[in-house]
Amino acid sequence: MKLTHIYTKIAVCILSAVSFAACDNIDEDDRYIYVEPVPVARNILVEDFTGQFCVQCPNGSAVLEQLTEQYTPETVIVVGMHSGSQSVGMFGHTPLWTSDAEYYYSQWPISAQPTAVVDRGSYTENYSTWPTLVSNALGVSAPLTLEASSIYDESSRTVSVAIVAKGQFDVSGKLQLWLTEDNIVSYQVTPPNGVYDYNYVHNHVFRAAVNGRDGEDFTLGWDEEKTLEYTISLNELEDKYIKEHEDEGSEYVRWKPEDMYVVAFVYNNDGVQQAVRVPVIDTRTGDEVSDVAE
């Protein structure tokens with residue numbers, strides 16, 4: 001049944017109504033009722049371009065920590081991208097630097113650190129304005145829902161991840177998967193005078209891109225549901241990370257699966273459309289996963 005056929009009958013009906021005629025001649029199967037889509041809450045992605053030699057970066061991190069406490073870490077998903085000139089020292093790159101993070105850094109005209117990029121749209125180094133950017137982004141409904149779950153195999157250090165996507169509208173773009181880690185103890189210069197803190201705790205640290213630096217093509221139709229499954233080898237990705245640092249003389253920090261997360265998001269030219277964050281060692285029940293998604 002074509003909508004043009006329905007609209008023609010409706011138009012005839014309207015004209016008839018003007019002449020005090022009834023509209024009962026529209027077949028029941030031809031009646032078109034528009035149902036307004038239910039707004040979908042958006043989780044947002046904040047890319048924090050930071051560095052261990054960046055004096056003001058701990059101030060930016062504190063703002064983001066407050067936002068994750070206010071909205072929950074599953075709603076405001078922070079990823080710390082150690083990159084740029086603030087991640088290069090006398091002996092090479094700092095331990096938390098990665099070439100993937102450097103790649104993302106190069107995609108933005110960043111003039112100072114820290115700089116936050118919110119949903120791959122708005123960005124600024126003025127961390128006093130980050131709460132406003134985050135609040136504005138959260139006020140926009142998402143065109144799809146994303147849920148994620150994971151199973152960790154300790155013997156092989158592999159993570160099996162399932163991503164469930166359902167379209168509220170038609171969506172096309174890229175699906176990206178990353179690994180992050182919390183509770184990493186490593187040095188950081190701190191404000192106001194750049195004093196070294198060798199026991200600084202770094203959170204939300206970007207570790208690796210799972211499915212390529214730009215992700216993979218992704219399309220989803222209205223009311224369509226897709227499940228995508230991935231197997232992630234922490235050993236392979238960590239070996240790559242170690243090789244990036246072994247020729248520079250800088251120490252690397254081993255990965256701790258119990259403090260790691262998988263971050264998945266869909267993005268296109270309009271920015272990030274939806275995001276989700278799941279622990280590598282996922283101890284949530286099915287109901288808890290659904291609650292987070294809602």
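Source: prediction; values computed, not measured. Residue numbers start at 1 and run along the sequence shown.
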*Asks:* Any chance you could measure N136, atom CG, to S122, atom OG, to the nearest 0.5 Å?
*Replies:* 7.5 Å

*Asks:* Between the side chains of D214 and Y103, does any donor sit under 3.5 Å from an acceptor?
*Replies:* yes

*Asks:* Is a donor from one side chain sitting under 3.5 angstrom from an acceptor on the other, for N43 and E74?
*Replies:* no

*Asks:* Indicate whether any N or O donor in one side chain lies under 3.5 Å from an N or O acceptor in the other, for H204 and E65.
*Replies:* yes

*Asks:* May I ask you to check whether T98 and E244 show a side-chain donor-acceptor distance below 3.5 Å?
*Replies:* no

*Asks:* In Å, rounded to the nearest 0.5 Å, how long is the span from CG of L146 to CG of L175?
*Replies:* 7.5 Å

*Asks:* Are Y198 and Y200 near enough that their ring centres are under 6.0 Å apart?
*Replies:* no

*Asks:* Would you say the ring centers of H82 and H93 fall short of 6.0 Å from each other?
*Replies:* no

*Asks:* To the nearest 0.5 angstrom, please state how far the CG atom of N268 sits from the OG1 atom of T219.
*Replies:* 12.0 Å

*Asks:* Do the side-chain N and O atoms of S135 and T132 include a donor-acceptor pair separated by under 3.5 angstrom?
*Replies:* no

*Asks:* Determine, for D259 against R207, whether the closest basic-nitrogen to carboxylate-oxygen distance falls under 4.0 angstrom.
*Replies:* no

*Asks:* Taking the side chain as every heavy atom from C-beta outward, state whether F206 and F49 have any pair of such atoms under 4.5 Å apart.
*Replies:* no

*Asks:* Could you grab the distance from atom CZ of F218 to atom CG of L228, nearest 0.5 Å is fine?
*Replies:* 6.5 Å

*Asks:* Which value, rounded to the nearest 0.5 Å, describes the distance between L45 atom CG and R277 atom CZ?
*Replies:* 11.5 Å

*Asks:* What's the shortest heavy-atom distance between Y152 and P257, and which atoms?
*Replies:* OH-CG, 3.2 Å

*Asks:* Using distance alone, with no hydrogens and no angle criterion, decide if W97 and E102 have a side-chain donor and acceptor under 3.5 Å apart.
*Replies:* yes

*Asks:* Can you tell me how the ring of Y241 sits relative to the ring of W255, calling it parallel under 30°, perpendicular over 60° and tilted otherwise?
*Replies:* tilted

*Asks:* Write down the atom of Y187, the atom of P95, and the distance for their closest heavy-atom approach.
*Replies:* OH-CD, 3.4 Å

*Asks:* Would you say D48 and V79 make side-chain contact, with heavy atoms under 4.5 Å?
*Replies:* no

*Asks:* Under a 4.0 Å N-O cut-off, is there an ion pair linking E147 with K166?
*Replies:* no

*Asks:* Side chains of Q188 and D197 only: does a donor on one sit below 3.5 Å from an acceptor on the other?
*Replies:* no

*Asks:* Could you walk me through whether S111 and E125 pass the side-chain contact (heavy atoms from CB on, under 4.5 Å) test, one step at a time?
*Replies:* CA-CA 8 Å; S111 59; E125 70 273 10; 4.3 Å; yes

*Asks:* Using a distance-only test with no angle check, is there a side-chain donor-acceptor pair under 3.5 angstrom linking D153 and S156?
*Replies:* yes

*Asks:* Could you go step by step and tell me if T75 and L138 meet the side-chain contact (heavy atoms from CB on, under 4.5 Å) rule?
*Replies:* CA-CA 9 Å; T75 301; L138 288 170; 3.6 Å; yes

*Asks:* To check you understand the geometry: which heavy-atom pair defines the closest contact between V262 and V161, and what is its length?
*Replies:* CG2-CG2, 3.9 Å

*Asks:* Which atom pair, heavy atoms only, marks the closest approach of Q274 to A41?
*Replies:* NE2-O, 3.1 Å

*Asks:* Looking only at side-chain N and O atoms, does Q56 offer a donor or acceptor that is under 3.5 Å from a partner on Y127?
*Replies:* yes

*Asks:* Please confirm whether K174 makes a cation-pi placement over F265, using NZ or CZ under 6.0 Å from the six-membered ring centre and within 45° of the ring normal.
*Replies:* no

*Asks:* Side chains of V159 and M260: closer than 4.5 Å at any heavy-atom pair?
*Replies:* no

*Asks:* I need the L179 CG to D100 CG distance, nearest 0.5 Å.
*Replies:* 10.5 Å

